[in-house]
Structure formats: structure tokens, C-alpha cells
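Please read the structure below before turning to the comments.
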Amino acid sequence: MKALITFITGLLFGVGLAFSEMTNPAVVIGFLDITRNWNPSLLFVMVGAIAIGFIGYQIQKRRKKPLFDSSWSIPTRKDIDSPLIIGSILFGIGWGLSGYCPGPGLTALINNPSEGIIFVIALILGSGLFQVQSKLQTKPQ
């Protein structure tokens with residue numbers, strides 16, 4: 001049952017990305033570049049996502065556990081450290097340059113394979129570099 005719910009949730013997420021045109025880098029870059037011909041359409045996507053997230057958070061606060069799992073998987077750390085800031089900056093730069101964040105970037109493998117392959121390779125390399133950096137940072141001296 002958990003796999004089916006995961007599939008349906010992923011499918012809804014993908015449909016939402018395609019419907020909102022988050023899979024079109026020109027639309028994303030048009031939203032992020034406010035100095036030229038700004039496209040505010042993704043503002044509605046963001047407001048909708050915040051509203052749905054707010055409703056989900058309110059439901060989570062009232063339930064002891066999720067419907068299809070034994071416990072909630074919610075981050076507990078609340079501190080802001082330099083790896084978080086640096087990672088956020090790199091994520092934003094990558095998103096602004098390519099017009100893809102990870103979910104829509106994966107859809108580019110089908111919609112625009114030449115860009116999608118480059119994006120996914122860069123995503124894997126960046127994730128690998130983070131893993132190496134994390135291991136070096138936690139390695140005992």
C-alpha cells in the first residue's frame with residue numbers, strides 16, 4: 001500500500017509540475033529574472049504550494065502518525081549553519097542558470113534530453129561532492 005501511495009503522490013507531483021509549467025526552464029527563468037520581461041505566473045504556483053503545505057502541516061499537528069507509516073519523517077534540526085547556507089546558494093545559482101530544480105530536471109530527460117542529461121549528470125556530481133565533503137568533515141582527526 002505504501003508503494004502505491006508513493007506512486008500516486010509522485011504522479012500528482014509530476015502532473016502539477018507539468019501543469020504549472022515548472023518543467024519549462026524558459027518559464028522558470030522568466031519568473032526568476034525580474035529585470036527583464038518578468039513572468040509572474042509561478043507566483044500562483046508558490047502561493048498554492050504554501051497553502052497546501054500549511055493545510056498539510058495543520059493535519060500533521062493533529063495526528064499522532066501518518067495514515068500509511070508508523071511515524072512522521074520531519075526534520076528536527078532548527079539551526080542554520082554554513083553548509084546549509086552554501087548549499088542553498090549553490091542550489092539557487094544552479095536553478096537560476098538552468099531553469100531546473102531537481103524534480104522538473106528529471107522530466108527534462110524526456111522533454112529535452114540534451115539539457116536533461118547534462119542537468120542530471122551535474123546533479124549527481126554535486127550530490128557526490130556533497131557526500132565526499134560530509135565524510136571528510138566528520139572523519140576523526
Side-chain angles (χ1 to χ4, degrees), residues 1-140:
M1 183 59 130
K2 188 175 176 181
L4 178 64
I5 297 299
T6 302
F7 174 76
I8 291 170
T9 304
L11 188 64
L12 281 172
F13 181 67
V15 169
L17 290 175
F19 185 74
S20 66
E21 293 198 69
M22 288 279 298
T23 56
N24 182 349
V27 171
V28 174
I29 290 172
F31 175 72
L32 295 174
D33 186 0
I34 58 173
T35 61
R36 293 189 207 161
N37 195 13
W38 186 54
N39 177 356
S41 63
L42 292 184
L43 199 57
F44 296 105
V45 175
M46 293 174 73
V47 171
I50 290 169
I52 290 171
F54 178 78
I55 292 168
Y57 185 67
Q58 297 305 312
I59 292 170
Q60 180 271 325
K61 284 190 337 187
R62 295 176 187 196
R63 298 190 55 85
K64 289 186 179 185
K65 66 181 191 82
L67 288 175
F68 301 105
D69 207 346
S70 59
S71 64
W72 295 104
S73 299
I74 297 174
T76 56
R77 285 185 58 181
K78 297 185 183 217
D79 59 321
I80 297 173
D81 57 5
S82 60
L84 176 65
I85 294 170
I86 292 168
S88 300
I89 291 170
L90 290 173
F91 180 88
I93 290 171
W95 193 12
L97 288 174
S98 70
Y100 293 115
C101 63
L106 294 176
T107 67
L109 287 172
I110 295 171
N111 297 341
N112 189 352
S114 60
E115 284 185 12
I117 289 172
I118 293 169
F119 176 82
V120 170
I121 289 171
L123 178 72
I124 292 169
L125 286 174
S127 298
L129 285 173
F130 171 76
Q131 294 297 324
V132 168
Q133 184 267 342
S134 292
K135 285 182 182 174
L136 290 174
Q137 206 170 29
T138 58
K139 190 175 181 179

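Considering CG of D81 and CD1 of I86, their distance stands at 9.0 Å, rounded to 0.5 Å. The structure places CG of D79 at 8.5 Å from CG of L84, a figure rounded to the nearest 0.5 Å. Note that the OG1 atom of T107 and the CG atom of N24 stand 9.5 Å from one another [nearest 0.5 Å]. Taking CG of L136 as the start and CD of Q131 as the end, the distance is 11.5 Å to the nearest 0.5 Å. Interatomic distance, L129 CG to I124 CD1, rounded to the nearest 0.5 Å: 12.0 Å. Here the CD1 atom belonging to I8 is positioned 4.0 Å from the CG atom belonging to L4, to the nearest 0.5 angstrom.
Of all heavy-atom pairs spanning W38 and G30, the tightest one is CD1-O, 3.4 Å. When all heavy atoms of G116 and A108 are compared, the closest pair comes out as CA-CB, 3.7 Å. Smallest separation of non-hydrogen atoms from F91 and P102: CE1-CD, 3.4 Å. Heavy atoms only, all atoms of each residue included: P104 and M22 are closest at CB-O, 3.2 Å. M46 approaches F31 most closely through the heavy-atom pair SD-CZ, 3.5 Å. Residues V120 and G105 come closest through the heavy atom pair CG2-O, 4.4 Å.
The number of heavy-atom neighbours closer than 6.0 Å to CG of L125, taken from other residues, nucleotides and ligands shown, is above 12. In the displayed structure, I80 atom CD1 is contacted under 6.0 Å by at most 12 heavy atoms of other residues, nucleotides or ligands. More than 12 heavy atoms of other shown residues, nucleotides or ligands fall within 6.0 angstrom of atom CG in D69. Residue-environment remark: NZ (K65) exceeds the threshold of 12 foreign heavy atoms within 6.0 Å.
The side-chain heavy atoms of S20 and F44, taken from C-beta on, include no pair separated by under 4.5 Å. Using a 4.5 Å heavy-atom cutoff, the side chains of E115 and P25 are in contact.
Residues passing the salt bridge (Lys or Arg N to Asp or Glu O under 4.0 Å) test with K61: none are found, sequence neighbours excluded.
Note on residues 4-18: no pairs pass side-chain hydrogen bond (donor to acceptor under 3.5 Å, both in side chains), not counting sequence neighbours. Sorted by first then second residue, the ring pair (Phe, Tyr, Trp, His ring centres under 6.0 Å) pairs that include residues 107-128, not counting sequence neighbours, are Y100-F119.
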